Amino acid sequence: MRYKNIDKELFIRNRKRLLKELKENAVVVLNANDIMPTNSDGTMRFRQNSDLFYLTGVDQEETILVLCPDFHDKKYREVLFLRETSEMIATWEGHKLTKEEARAATGIETVLWLAEFPRLFNTMMVMGDVNHVYLNTNDHYRTDTVVDSRDARFIKHCQQKYPLHRYERLAPIMHTLRSIKSKYEIELMQQACDITEQAFRRILKFVKPGVHEYEIEAEFAHEFLRNQSRGFAYEPIIASGANSCVLHYIENSKPCRDGDVLLLDVGAEYANYNADMTRTIPVNGKFTKRQKEVYNAVLKVMREAMKLLQPGTVYFEYHKEVQQIMQAELIKLKLIDKTDIKNQNPERPLFMKYFMHGTGHQLGLDVHDVGNMYHKMQVGQVWTVEPGIYIKEEGLGVRIENNVVIQKSGVHDLMRNIPVEAEEIEDLMNRK
Ligand code: GLY
Ligand code: MN
Ligand code: MN
């Protein structure tokens, strides 16, 4: 793998935490993601299923993890199935994990080739006294996919073959576990943030009027890749001028113009963990008075928002409070009028014209990470804090986004070292 080896204790610990949540006489099966097709014989780059990675650290296609903690034969209570390599696979695709390597990386003693899965799984299902079969679904609240994953196909197969077993949802358990990050995971996420910081500092020296948005994208990619990241955590948004008001602008095709701002929503991936940063900078190295007042309003809202994050905070209540803080700033900026607020439609408050998205989301193995947003925040969760003001009529959009860990009191900012003060950004852009 491109990234440094991860301490297997992370995965051993994660499996232990999962076992504690299971009913008696359970079996758990998790499948790798597919390598997704594009056109012709093309494929996308492989991206491991986040839950399988969380429990094993195996970053290889076609992998299966089976946990059957009460199985009679102790040897098979924890089994990893791997794609068996061949001379042909080695020639065309390169090295695949050996059983020894997988054992060392995951802490799982029993590693078998995939061909052995059907027989062993059948034995567990019919002779293992299994009462509860935990299978995995993608239960992210915004998922909208028409494609069946390997897990989804396995569920269909399983329910057809074993219709009278009792099936259980693994997803809510995985969401609860994954939403609390361990010290190993925080280190990996800090690494993703540090790589993002390095790239941001690089582009502060690079941006000037006339540079195209895609050239800036290339600078980010360069710095990410040379630091053992596999690239962007998500499609980067490199949006100058009026594009800064398009929330999901990913075309990144325009030249940056003198006097405009440039909104950068870009994060590095590292070892499957993600950073999610947004900074807004002046193309020519100096904010105009108006740009700076809007910028400082957003920065203030971000800082005030961070103060509200602590164990026990409920996202939707917090978001409402942030909207009120934002509303006060929008009044000061004369974008909305105090008297008009009294008559506004509560379903469509006036501030929504300028701040129409959420204040943040959980972050981890997925950029929009799993975890129930109705539940109280807990120590160890990582949240983005990302207020923005988008003034279409002025072609001026400003968003600032940091990633923070919830602690016993307050938060730990994983992006504390990434320049954010308007003056510091200007200063760095103007250094020779
Ligand atoms: N970059 C995606 C987001 O900020 O949620
Ligand atoms: Mn973002
Ligand atoms: Mn975000």
Side-chain angles (χ1 to χ4, degrees), residues 47 50 140-144 178-179 181 185-186 189-190 192-197 199-200 203 213 216-217 220-221 223-224 229-240 243-252 261-270 272-281 295 298-299 301-303 305-306 308-309 313 315-316 318-319 322-323 326 354-371 373 377 381-390 397-406 411-416 418-420 425:
R47 176 66 164 87
S50 297
H140 192 277
Y141 77 109
R142 285 210 300 227
T143 299
D144 181 22
R178 276 177 51 197
S179 105
K181 274 70 182 173
E185 292 181 287
I186 298 294
M189 294 183 74
Q190 183 67 66
C193 291
D194 291 349
I195 296 170
T196 307
E197 175 191 351
F200 178 58
I203 73 98
E213 293 161 350
I216 298 161
E217 181 173 340
F220 271 110
E223 201 62 33
F224 288 176
S229 159
R230 278 179 293 201
F232 295 102
Y234 49 90
E235 281 297 315
I237 297 168
I238 303 186
S240 62
N243 298 332
S244 61
C245 295
V246 181
L247 298 179
H248 289 162
Y249 173 81
I250 53 171
E251 202 179 285
N252 306 345
V261 292
L262 173 66
L263 186 154
L264 305 157
D265 187 343
V266 185
E269 171 273 2
Y270 180 77
N272 288 317
Y273 284 85
N274 298 296
D276 184 3
M277 175 198 79
T278 308
R279 288 292 183 271
T280 307
I281 66 174
Y295 186 91
V298 176
L299 185 56
V301 176
M302 184 180 81
R303 292 197 165 133
M306 278 189 192
L308 301 173
L309 293 176
T313 301
Y315 172 78
F316 291 106
Y318 151 79
H319 179 50
V322 175
Q323 286 174 325
M326 178 62 91
Y354 300 103
F355 176 45
M356 63 298 275
H357 59 70
T359 304
H361 50 87
Q362 292 193 54
L363 180 73
L365 281 168
D366 292 308
V367 176
H368 292 168
D369 208 24
V370 293
M373 293 178 91
M377 292 186 189
Q381 289 180 339
V382 177
W383 285 82
T384 69
V385 186
E386 49 180 305
I389 296 177
Y390 310 91
V398 175
R399 176 164 68 255
I400 308 175
E401 177 174 20
N402 275 20
N403 307 155
V404 301
V405 190
I406 309 285
V411 295
H412 173 61
D413 189 347
L414 297 175
M415 293 190 161
R416 64 201 173 282
I418 306 185
V420 72
I425 286 171

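As the structure lists them, so they are numbered: ligands from 1, and atoms in each ligand from 1. Only a predicted model underlies this, so the values are computations on that prediction, with no experimental measurement involved.
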Parallel, tilted or perpendicular, as decided by the 30° and 60° cut-offs, for the rings of H368 and H140: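 Parallel.
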
Aromatic ring pairing H319/F355, orientation class (parallel under 30°, perpendicular over 60°, tilted between):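 Because their plane-to-plane angle is over 60°, the rings of H319 and F355 count as perpendicular.
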
Point-to-point distance, once rounded to the nearest 0.5 Å, from CG of L247 to OH of Y390: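 Rounded to the nearest 0.5 Å, the CG-OH separation comes out at 5.5 Å.
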
Euclidean distance, N272 CG relative to D366 CG, rounded to 0.5 Å: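 Reported to 0.5 Å precision, the distance equals 9.5 Å.
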
Side chains of I400 and V301 in contact at under 4.5 Å (non-hydrogen atoms):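 Result no, sub-4.5 Å side-chain heavy-atom pair not found.
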
Proximal protein residues to ligand 1, non-hydrogen atoms under 4.0 angstrom: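 For ligand 1, the contacting residues are Y234, D265, D276, H361, H368, E386, E401.
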
Metal check, the Mn ion (ligand 3) vs H361 N/O/S, cut-off below 2.8 Å: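 So H361 does bind the Mn ion (ligand 3) by this criterion.
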
Partners passing side-chain hydrogen bond (donor to acceptor under 3.5 Å, both in side chains) against N274 (at least two apart in sequence or in another chain):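 By the side-chain hydrogen bond (donor to acceptor under 3.5 Å, both in side chains) rule, N274 matches no residue at all.
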
Results of side-chain hydrogen bond (donor to acceptor under 3.5 Å, both in side chains) for Y273 - residues two or more places apart only: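 Residues passing side-chain hydrogen bond (donor to acceptor under 3.5 Å, both in side chains) with Y273: E185.
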
Exercise: do R416 and N402 side chains pair donor with acceptor under 3.5 Å: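 Short answer, no.
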
E213 and N243: side chain donor to acceptor below 3.5 Å: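 Checked: E213/N243 side chains pair up, N/O donor to acceptor below 3.5 Å.
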
Count of N, O or S atoms belonging to protein, less than 2.8 Å from the Mn ion (ligand 2):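 With waters ignored, the protein N/O/S count below 2.8 Å is 4.
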
For V382, the option from Q362, H412, M189, H361 that meets side-chain contact (heavy atoms from CB on, under 4.5 Å):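 Single side-chain contact (heavy atoms from CB on, under 4.5 Å) partner of V382 among Q362, H412, M189, H361: M189.
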
